[in-house]
J.: 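Dumping the structure here so I can ask a few things about it.
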Amino acid sequence: MFLDSPIFPSDDGPAGIYIHLPFCRGRCTYCGFVTTPHDPLREEHYVRSVVNEMEMRSRSGDDLRASAGAADTVYLGGGTPSLLRPDLISRIIDGCTTNFRVLPQPEITIEINPGTASPAAMRDLLRSGINRASLGIQSLHDRELQRMGRPHTSGEALAAFQDLRDAGFDNISVDLIAGFPDQTRDTVRATVEQTLALEPDHLSVYLLEVKEGTKLASQLRDRGLTLDDDTAADMYEDICTLTSSAGFVHYEISNFARSGKRSAHNLKYWTDKVYIGVGAGAHGMTGRLRYANLSELDLYEKAVRNGILPVSNVTPMTPLERFKDALIMGLRLVEGIDMQAYGKRYGIDCPRFVHETVRDLEEAGLIHRSGSNLRLAPRGRLLSNLVFSRWV
Amino acid sequence: MKHIRNFGIIAHIDHGKSTLADRLLQLTGVVGSHEFRDQMLDTMDIERERGITIKSQTVALPYRARDGKQYTLNLIDTPGHADFSYEVSRALVSCEGALLVIDAGQGIQAQTVANFYMALEQDLEVIPVINKIDLPSADVDRVKAQIEKDLGLDPDTAVNISAKEGIGIEEVLEAVVHHVPPPKGDPDEPLKALIFDSHWDPYRGTIVNLRVFDGTLKPGNIIRFWSNRTTYRVEETGIFLIDRRPCPVLSAGEVGYVIAGIKTVSDTRIGDTVTLDDRPCLQPLKGFQLVKPVVFSSFYPISSDDYEDLANALEKLKLNDASLTYEKDHSTALGHGFRCGFLGLLHLEVVQERLEREFDLSMILTAPSVQYSLRLKDGTEIIIDNPAKYPDPVFIDESREPFIRASIILPEQYFGSVMTLCIDRRGVQKDINYLDSTRVELVFDLPLSEVLFDFYDKLKSVSRGYASFDYDFLEYRTTDLAKVDILVAGEKVDALSMLVHADRAYQRARRACERLKKEIPRQLFKVPIQGAIGGKIISRETVSALRKDVTAKCYGGDITRKKKLLEKQKEGKKRMKQVGGVVIPQSAFLAVLKSDEDE
Ligand SMILES: Nc1nc2c(ncn2[C@@H]2O[C@H](COP(=O)(O)OP(=O)(O)OP(=O)(O)O)[C@@H](O)[C@H]2O)c(=O)[nH]1
Ligand code: SF4
Ligand SMILES: [Mg+2]
């Protein structure tokens, strides 16, 4: 076909490190993440395992070959990482710096849920090197928060934001949900406006996806409801308008940032960089393979204790597979990708590949090409799966 | 031969034939407790899921009677649903007697009578069996009176049982031994055996079920099929004990199977006579009356690569379903397929499901249709059952459609609602007979097309399950026919066209459009769906354009999950047909066929 002989990129640049901290106070109705109830003793054990896993991964070298062992972002996600004692968080960050070559001025993010961190704890987090907070607000309507099963009120959310600022966080992102059953265009607009009034640095708004096996999925089944895609699409358009008039740059399908405040860590995923996943259920991509860690906490810890890499799945990639993944991820960025550059990285005639796989979708107005640049047309953002499905 | 009894179990649907068969299997020790399951002879998945018998099943029961002698009782369990009455009639040719099971609560129903007459035509000894006497609603005396009045049988010969509780089962076996005559026939005459069923086995070829009337049949014999004179060497003969059980010989009077390396599917014909090549019989057996399909639909493979597979599957399925007919067909929208004929809509569904399950095919079906007779302006008469072949109405002088005469038996209190139903279905009332103080027989002439489509379900629902009906073909009558076309995105989809009575055209077009709207997934552009007669649009729906198909969250681990999801979506697309620029799922074609009841 179009493929000469695809090769792996010769240089992947510094990696990102993702650490999964799966502890939560309850379980939100829509949540399909790997989580387990908050338990200080378990958390202490778990952090030990996480640090041990880092040691193992740094020794194995495999994860770091393509990135020359360097990393410049760390992301503590969950779960609810802010439930962990700040000294445990500090241990994890130390674990990163001792086991990996963390470059100067790394971006270090922690996910925080309202009502889980005191002002003092926030200051401790800053002191341990964390410089970015991602606050899970989701909605500023208490009824909606209840339906979502969130263990906090809108008041606590607003307070948490203020506390973060007061503590000295100058890079705060807020997570919101749209398209939740019972949400209306008006309530979503109100939540977004109120959030923008807080002047966050970054905003992620996720259109709800119902995952099988969640409480929400069974609630919807019981009520005979399906999500209304049209309303969700309207909400999305409202959000795009509101954020842009507030001076945010829409840079990824679900992400908006003030200038200079894009998420450096998340950009790793979208710009075909490598990343190391650590912790139960974490995923990594080394440039040559993808892996998924064991998501069952006990199994994960047992593996680490026995000195075995705690993976449940390792999937080697071919250069072509990685290339296609890179297209899928890259097109999520509003600015799209540079086909020449991607083609060169992989030894593939990228413009021809694109032409042969999605030309009709270009005619349908879902994607847009100009010169070497390929991007989703605004209409294509909400229909991006139609484009991406051509590359799986 | 004196110790063989061949008998069928016949009844109205659900009166308990298969449950009685279960008890007979247990009492005679054919199945032990650990291998037993309810309605043991309903072996197909569809039978088990729907709780009805579709295929007749034969089992040889060893039984030591009270007279101390050892008998072989060849039992055939038969289906009760009218669509499968051909299974019953074929089964009865192998029998000398029949157990006519009657539900003690429901009494004699339409198929009780129909099956009873089938048994009489074969000169069978009929033993009435009153079942479900354990029910609180059981009224044995009333049923006995009905047996005397409706069937003209001696009610004192009836055996009262509860198949469910196992009451009276031994009496049933004794009645079979004493009242059903042993088979006649001569083992020393040349072989004369009747093929009453068959099926395909991928390893052993066609397996032929037959009843031996004269002579004997054993491995090593060279058999000859009467109709096409092909010969085969017998590899195995045997009887049915749930599974096939080889035996050294099948003799006159016995029922069993023969395996003879028959790999050419078309060599075997139901109703054909099997004889020996070196000592043939002089005359064939009478065979079976051919059944005529009454409803037709085209089957197309979803993927046109599967056309050959569908052709093979139909040929093999026909071995096991002699009432199925088919011929090649072609659609502009769907490509090559087959026009198939069925005995009713349940039969159609069963064939579709069997093709999907047993042969792993995915198909699209077109709207079922009866056969219409058209007289053209130039004087020629044509019969059509396929909307695609409907001529331009300007050439048609007169259209006629098949009518049936229905006999509906019902308790008096449902009289009004059943009348309303029949009149709504364009019925013409012919007669009312009071069978006894509470039961009425209504005789109506009805268009076949109105009876085929959900009439039975409607009848059941307006009478709370108490009305039953049976019908016979009557004649063709003048009608006002219209062809409704369906256009998707402006293009006529020939496979969705249907022939309907003009009075129903608007309603059917609207219903089809509504259902298609529900089933056709939203596409990149909005898709108009229109119903039309000739060039005139009579209904319209629109599938609005797809606005959202997005994965909002996509970070490290999400890519794997997302790719899996997209792959699954792609798999799903394989069950869809691209017609014009529009992707139409198989379910959309099926939805158009569905009756209101299924909603
Ligand atoms: N109470 C009671 N129920 C019975 C008895 N015999 C059968 N049934 C029930 O009646 C229903 C139908 O029984 P089947 O044996 O499947 O009836 P069938 O006549 O074989 O039905 P088809 O093959 O579909 O015509 C089942 O739910 C049985 O459990 C009985 O003696 N008493
Ligand atoms: S806080 Fe996040 S991870 Fe925890 S239960 Fe809720 S959605 Fe799931
Ligand atoms: Mg049955």
Side-chain angles (χ1 to χ4, degrees), chain A residues 16 18 20 32 34 75 77 177-179 204-209 211 227 229-230 232-234 236-237 252-254 265-266 268-270 275 277 281-285 290 292-293 313 315 321 324-325 328-329 332 360-361 364-366 379-392, chain B residues 488-491 514-529 541-585 587-588 591 598-599:
Chain A
Y18 175 83
H20 193 71
V34 175
Y75 195 101
I177 289 178
S204 303
V205 189
Y206 300 116
L207 291 182
L208 181 75
E209 282 167 63
K211 296 203 186 94
L227 296 186
D229 282 353
D230 286 323
D234 290 338
Y236 183 78
E237 279 160 19
E252 192 264 357
I253 292 178
S254 309
H265 181 81
N266 289 336
K268 301 275 182 209
Y269 304 123
W270 302 318
Y275 46 92
H283 291 247
M285 198 280 278
R290 293 187 177 285
N293 273 356
N313 246 316
T315 321
E321 279 162 357
K324 291 198 272 187
D325 288 358
I328 292 177
M329 294 308 262
R332 296 187 63 89
D360 57 320
L361 299 178
L366 297 194
R379 178 178 180 225
R381 263 169 232 148
L382 275 186
L383 295 172
S384 45
N385 281 347
L386 297 181
V387 180
F388 302 155
S389 66
R390 301 292 175 85
W391 297 328
V392 296
Chain B
V488 175
E491 262 188 65
E514 283 167 0
R515 289 184 178 170
L516 285 170
K517 179 187 164 141
K518 271 198 214 140
E519 293 293 332
I520 294 180
R522 295 169 70 174
Q523 330 242 327
L524 271 178
F525 302 98
K526 71 175 181 200
V527 178
I529 302 166
E541 294 282 343
T542 307
V543 179
S544 50
L546 178 68
R547 285 184 65 196
K548 172 179 167 277
D549 185 357
V550 65
T551 309
K553 246 185 185 172
C554 204
Y555 302 106
D558 303 316
I559 174 94
T560 317
R561 188 177 61 86
K562 169 178 189 148
K563 276 168 45 184
K564 270 197 199 123
L565 232 78
L566 292 176
E567 269 161 29
K568 231 166 103 189
Q569 266 180 25
K570 254 192 174 163
E571 257 328 283
K573 287 246 163 73
K574 289 196 185 139
R575 285 181 83 83
M576 301 194 184
K577 271 273 177 190
Q578 182 102 11
V579 178
V582 181
V583 179
I584 308 181
S587 61
D598 302 331
E599 300 244 285

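To find a chain, count down the sequence lines: A is the first, B the second, and so on, and within it residues start at 1.
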J.: Shorter than 4.5 Å, heavy atoms on both sides: which option in A:I253, A:L208, A:V205, A:L386 has the most such pairs with chain B?
T.: A:L386
J.: Go through chain B and chain A and list any donor-acceptor pairs closer than 3.5 Å, backbone and side chains both.
T.:
residue, atom, partner, partner atom, Å
B:R522, NH1, A:D230, OD1, 3.4
B:R522, NH1, A:D230, OD2, 3.3
B:R522, NH2, A:D230, OD1, 2.6
B:R522, NH2, A:D230, OD2, 3.4
B:L524, O, A:R379, NH2, 2.5
B:R547, NH1, A:D230, O, 3.3
B:R547, NH1, A:D234, OD1, 2.9
B:R547, NH2, A:D234, OD1, 2.8
B:R547, NH2, A:E237, OE1, 3.4
B:D549, N, A:L382, O, 2.6
B:D549, O, A:S384, N, 3.4
B:D549, O, A:N385, N, 3.0
B:D549, OD1, A:N385, ND2, 3.0
B:T551, O, A:R332, NH1, 2.9
B:T551, O, A:R332, NH2, 2.9
B:T551, OG1, A:N385, OD1, 3.2
B:T551, OG1, A:N385, ND2, 3.3
B:A552, N, A:E209, OE2, 2.9
B:A552, O, A:S254, OG, 2.7
B:A552, O, A:R332, NH2, 2.9
B:C554, O, A:W270, NE1, 3.0
B:Y555, OH, A:Y206, OH, 2.6
B:Y555, OH, A:N255, ND2, 3.3
B:G556, O, A:Y275, OH, 3.2
B:K562, NZ, A:N385, OD1, 3.3
B:K563, NZ, A:D325, OD1, 2.8
B:K563, NZ, A:D325, OD2, 3.1
B:K570, NZ, A:S389, O, 3.1
B:K570, NZ, A:V392, O, 3.3

J.: Quick check on B:L546 against chain A: is it the side chain, the backbone, both or neither that has a heavy atom closer than 4.5 Å?
T.: both
J.: Could you go step by step and tell me if B:L524 and A:L361 meet the side-chain contact (heavy atoms from CB on, under 4.5 Å) rule?
T.: CA-CA 9 Å; B:L524 271 178; A:L361 299 178; 4.1 Å; yes
J.: Between A:A292 and chain B, which part of the residue has a heavy atom less than 4.5 Å away: side chain, backbone, both or neither?
T.: neither
J.: At a heavy-atom separation under 4.5 Å, does A:L207 approach chain B through its side chain, its backbone, both, or neither?
T.: both
J.: What distance separates B:L565 CG from A:F388 CZ, expressed to the nearest 0.5 Å?
T.: 13.5 Å
